[in-house]
Every structure is written in structure tokens, then in C-alpha cells.
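So you know, we letter chains A, B, ... as the sequences are listed, proteins then strands, and number each from 1. None of these values were measured; they are calculated from a predicted model.
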Protein chains: 2
Amino acid sequence: MSDDHDLGPLEAHYCFTAYKLNRAFARFYQTVFGDTGLTYPKYVILNVLSESGPLSISQLSERAGVENNTLSPLLKRMASFGVLARERDPDDERRVVITLTEMGRTALDAARTAVASGFAELGLDPEEVKRSITYMGHAQAKLEKAKPAKLTMAALMGKTD
Amino acid sequence: MSDDHDLGPLEAHYCFTAYKLNRAFARFYQTVFGDTGLTYPKYVILNVLSESGPLSISQLSERAGVENNTLSPLLKRMASFGVLARERDPDDERRVVITLTEMGRTALDAARTAVASGFAELGLDPEEVKRSITYMGHAQAKLEKAKPAKLTMAALMGKTD
DNA sequence: CAACTTTACATCGTATGCGAACTATTCGTT
DNA sequence: AACGAATAGTTCGCATACGATGTAAAGTTG
């Protein structure tokens with residue numbers, strides 16, 4: 001959609017811009033990762049594990065910003081691919097500990113190099129990016145605190161009672 | 001993930017921030033729309049149709065920023081819900097023309113009111129939002145032009161040949 | 001007019017995201 | 001020791017996103 005269109009308030013436009021930017025990034029990563037089986041969420045997880053060391057699924061959920069119910073199947077696929085290992089914590093069997101494997105480290109190194117190479121050619125303005133990150137962080141914090149009223153089916157249909 | 005973590009270059013951080021902001025917005029809309037069956041992509045489509053009048057699927061794809069192969073099933077669901085109508089163009093039977101129904105207009109009005117109400121409570125800084133939109137637009141344009149090299153399976157596995 | 005190319009849309013297969021509900025384990029209270 | 005609450009993770013069902021492929025219709029060329 002051209003930016004001539006007005007989706008309503010400024011927030012709606014902001015949302016739509018974030019929607020398009022997110023998918024532009026998704027496509028960029030999809031192109032870089034090609035047919036390797038790697039995806040952006042998997043890449044994020046590998047990075048988090050590389051920096052933090054082994055984590056429980058809940059900890060990983062928190063650091064990677066991915067829901068538990070998204071992580072469970074995702075981590076199972078990654079484990080069967082061989083980039084990480086899942087193990088029940090013997091001290092607390094509710095927990096599963098996720099550890100990067102050697103193959104995972106190798107894959108991450110290669111992925112990081114490919115991504116960095118692609119980003120180097122983008123030519124983004126570092127000052128704009130830094131400011132944008134800060135502003136987006138503000139917006140995200142406020143959105144997560146919001147408690148908007150729910151639309152009902154009756155209201156959607158224009159029925160008043 | 002806390003922003004202490006460094007995903008690598010500034011671009012990677014930017015991507016992760018966009019990823020989280022997009023999902024924060026998605027959740028916000030999901031909360032507002034509740035069990036009505038409405039979703040953010042459907043909301044965008046209704047808005048585009050409301051402002052542009054009837055469009056072909058390709059035109060809608062372009063204005064809503066949604067791929068044709070995502071739109072086809074989406075529009076079928078929306079048509080069976082009753083908010084829009086699909087009709088083959090008699091002049092060019094390759095094309096399907098999408099038209100908002102009266103029910104669609106009513107639903108969109110209600111949705112816009114609910115969304116605006118939720119946004120009104122957010123308290124975002126208008127100047128930050130405007131700048132952010134501009135910067136994100138720049139980034140999106142560059143990402144869409146990028147032609148990054150693809151990672152191969154061999155490179156992922158650390159094999160040199 | 002036939003053959004080929006292009007365009008528009010649809011389907012397939014697989015990916016993720018998330019609300020809801022479920023199962024298993026641990027912790028706290030009585 | 002028994003029971004309920006809380007925690008951790010899993011599964012279900014449905015949503016979207018998109019590369020690849022397929023079908024049908026229109027346009028172009030010789």
C-alpha cells in the first residue's frame with residue numbers, strides 16, 4: 001500500500017509501517033538462509049544460546065521474546081536437525097534445558113557471516129537506526145502495558161442492545 | 001530478550017526490535033478484536049477497500065502489502081464471513097474483483113472505533129512516531145532492494161570445498 | 001489462426017505465532 | 001501425608017506468510 005493511504009490515526013500508520021518493515025526483514029533473512037532450513041526465529045534462538053549458555057525453555061522464551069507454545073515445536077525441530085539438544089533437568093523434571101551443539105555453533109558462525117555480509121550492503125543510516133530502535137522500544141513497552149477494550153460480535157455487527 | 005544482548009551488527013538489533021514491535025502490535029489488535037473473527041491483515045484489507053473502492057486481487061495485494069498467495073485464501077474466508085464479495089471480472093476472467101459489502105462497512109466502522117479507543121490510551125509520542133515511520137520507511141525500501149548472497153547447506157555445515 | 005508468452009489467481013507444503021487447554025512435576029499449606 | 005496451588009512444558013486448532021507450482025485467460029507474434 002502506498003503511504004498516501006491513511007489507515008486512520010497515526011498509531012495505525014505506525015503499526016502498518018512496522019508490519020511491512022518486519023516482513024521486509026523476514027524476506028531478507030529468508031533470502032540469506034535460502035534452503036538451509038534456518039529461519040529468523042531459529043537464528044535468534046541460536047544467538048541467545050550462544051551468548052547465554054544453556055537455558056530452560058522459559059528462560060529462552062523470555063530472552064528470545066518467543067512464546068513457550070511457539071518454542072516447544074520449534075526447539076524439537078531444531079533438535080532433530082542437530083543444532084541443539086533438549087534434556088530434562090534432573091533436579092526439576094518440569095524443566096527442559098536447551099544446549100547448543102557443536103553443529104549449532106558452526107551453523108551460527110556461518111549464518112552470522114552471511115547475514116553480516118548482506119547487511120553491509122544495505123547502507124542504512126546508523127543514526128536513524130539507533131533513534132528508530134529507541135522509539136520502537138518505547139512504543140513496544142506501551143503496547144505491552146495496554147489493556148484495550150474488546151470488541152464484541154454484537155458491536156461488530158452494529159447491533160445496539 | 002533484554003536489550004543487553006547484542007545480536008551482532010546494529011541491523012540485527014534493528015530487525016529484532018521491529019520483530020518485537022510488530023508482535024506487540026499484533027497482540028494489541030488481537031486483544032481488541034477478541035473473538036469477532038477479525039484479524040490485523042483482514043482489518044488492513046477492509047480499510048484499503050473502504051478507501052479505494054472495488055479492486056482486483058493484484059491491486060489489493062499491492063496496496064495492502066500482502067502477497068497474492070496469502071490473499072486468495074484470506075479473501076475467501078472474508079467472503080464466506082460476509083464482509084466482502086468476490087466476482088470474476090466479465091471483461092477479463094483472469095481477474096477477481098473484490099467489493100466491500102454493507103456488512104463489511106458496518107464491521108469496519110465498529111473495528112475502527114475500537115482500535116482508535118485502544119490507541120487513544122497508549123500515549124505514544126507523536127513526534128517519535130512520525131520520525132520512526134520515516135526511518136522505518138527508509139529501511140524497508142533498502143531491504144526490498146537488497147540482493148544478499150544465499151547461504152548454502154555446505155557453508156552452514158562449515159564445509160570448504 | 002496457431003503457438004507461445006504473459007498475466008491473474010489458486011493451491012500446496014511448510015514455516016511461525018498465539019489463545020486455550022492439557023499433563024506432569026514441584027511447592028506450600030494444613 | 002494429603003491436597004490444592006503454582007510452575008513448566010506440550011498439544012491443539014486456527015491464523016498468517018511465502019516459495020514453488022499449477023490452471024485458466026488474455027496478449028503477442030509470425
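We find that CG of A:D91 is positioned 12 Å from C1' of C:dT26, with the value rounded to whole Å. In this entry the distance linking CD of B:Q59 with P of C:dC9 reads 8 Å, nearest Å. Counting to the nearest Å, the P atom of D:dA8 and the CG atom of A:L75 are 16 Å from each other. As rounded to whole Å, 12 Å separates atom C1' of D:dA8 from atom CD1 of A:I98. The distance between atom NZ of B:K42 and atom C1' of D:dA15, rounded to the nearest whole Å, is 8 Å. The nearest whole Å value for the distance from the CG atom in A:L71 to the P atom in C:dC18 is 11 Å. The interatomic distance linking A:N22 (CG) with C:dG17 (P) rounds to 9 Å, in whole Å. Atom pair B:Y19:OH and C:dG17:C1' shows a separation of 8 Å (rounding to whole Å applied).
Which of D:dA26, D:dT7, D:dT10 sits closest to the side chain of A:R94 comes down to D:dT7. Set against C:dT11, D:dG9, C:dC27, the side chain of B:S72 has C:dT11 as its closest nucleotide. When the nucleotides D:dG9, C:dA10, C:dC27 are ranked by their closest atom to the side chain of A:N68, D:dG9 comes out on top.
With rounding to the nearest 0.5 Å, the separation of CE in B:M136 from OG1 in A:T17 is 5.5 Å. Here B:M153 contributes atom CE and A:T36 contributes atom OG1; the two are 6.5 Å apart, rounded to the nearest 0.5 Å.
Taking all atoms of both residues into account, the shortest heavy-atom contact from B:R23 to A:E67 is NH2-N, 4.5 Å.
Residues A:Y40 and B:C15 form a side-chain contact, since some pair of their non-hydrogen atoms from C-beta on lies under 4.5 Å apart. Within the 4.5 Å cutoff, side-chain heavy atoms of B:L46 are placed close to those of B:V83.
Applying the 4.0 Å criterion to OP1 and OP2 of C:dA15, one finds that A:Y40 has every side-chain N and O outside that range. Between B:K76 and the phosphate of C:dC9, there is no side-chain N or O to OP1/OP2 separation shorter than 4.0 Å. The side chain of A:R86 contributes an N or O atom lying less than 4.0 Å from OP1 or OP2 of D:dT10. Note on B:S56: every side-chain N or O is 4.0 Å or more away from OP1 and OP2 of C:dA8. OP1 and OP2 of D:dA26 both lie 4.0 Å or more from every side-chain N or O belonging to B:R88.
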Using the 3.5 Å cut-off, write out each protein N or O paired with an N or O of nucleotides 18-21 of chain D and the distance between them.
unit_1, atom_1, unit_2, atom_2, d
D:dC18, OP1, A:R23, NE, 3.4
D:dC18, OP2, A:R23, NE, 3.4
D:dC18, OP2, A:R23, NH2, 3.0
D:dG19, N7, B:N69, ND2, 2.8
D:dG19, O6, B:N69, ND2, 2.8
D:dA20, N6, B:N69, ND2, 3.3

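Between the side chains of A:N47 and A:R112, at least one donor-acceptor pair of N or O atoms lies under 3.5 Å.
Every residue meeting the ring-ring contact (aromatic ring centres under 6.0 Å, His included) condition with B:F25, not counting sequence neighbours, appears here in chain and number order: A:Y14.
Note: the hydrophobic cluster containing B:L75 does not contain B:V97 (ILVMFWY, side chain heavy atoms under 4.5 Å, direct or indirect links).
At a threshold of 4.0 angstrom between heavy atoms, the contacts of B:F33 with the nucleic acid are absent.
Residues A:L74 and A:D92 each lie close to DNA chain C; by heavy-atom proximity, the contact nearer the 5' end of the strand is made by A:L74.
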